[in-house]
Amino acid sequence: MGIFSWIIMGLIVGVLAKWIMPGKDPGGLIVTIIIGIVGAFVGGFIASLLGFGGFSGFNLYSVLISVGGALLLLYLYRVIKK
């Protein structure tokens, strides 16, 4: 995936994660994109550890894995913030 695809997927994943888990989180477009991109890496890493395989492009499976990773990041942020 190219850098533009990472940015678009990061935005989509970050928005979905913040929509699923609303609350006081770091805001802004750039932070949302970063949460989505890092969530994709975290989700892909965990999925490959569990034997599901990583993500392989811009498809529904990859978005679901990435959203799971982004949700985990948001959860950890809230736990650490408290």
Under the rule for side chain to side chain contact (heavy atoms under 4.5 Å, CB included), what residues qualify as partners of Ile37, not counting sequence neighbours?
Trp6, Ile33, Phe41
Tell me whether Val42 is reachable from Ile80 by hopping between hydrophobic residues (I, L, V, M, F, W, Y) whose side-chain heavy atoms are closer than 4.5 Å.
no
Residues at least two apart in sequence or cross-chain that pass side chain to side chain contact (heavy atoms under 4.5 Å, CB included) with Leu76, listed by chain then number, are Leu72
What residues, two or more places apart in sequence or in another chain, satisfy side chain to side chain contact (heavy atoms under 4.5 Å, CB included) together with Leu71?
Ala17, Ile20, Met21, Val67
So OG1 of Thr32 and NZ of Lys18: to nearest 0.5 Å the spacing works out to 3.0 Å
With sequence neighbours left out, write down each residue that passes side chain to side chain contact (heavy atoms under 4.5 Å, CB included) with Ile8, or none if nothing qualifies.
Phe4, Ile12, Phe58
At their closest point, which heavy atom of Arg78 faces which heavy atom of Pro22, and how far apart are they?
NH2-O, 3.0 Å
Between CG of Leu11 and CD1 of Ile35, what distance do you get to the nearest 0.5 Å?
11.5 Å
Determine whether Met9 and Leu64 fall in the same hydrophobic cluster, where Ile, Leu, Val, Met, Phe, Trp and Tyr are linked whenever their side-chain heavy atoms lie under 4.5 Å apart.
no
Just verifying a value: how many Å separate Ile65 CD1 and Phe45 CZ, rounded to the nearest 0.5 Å?
13.5 Å
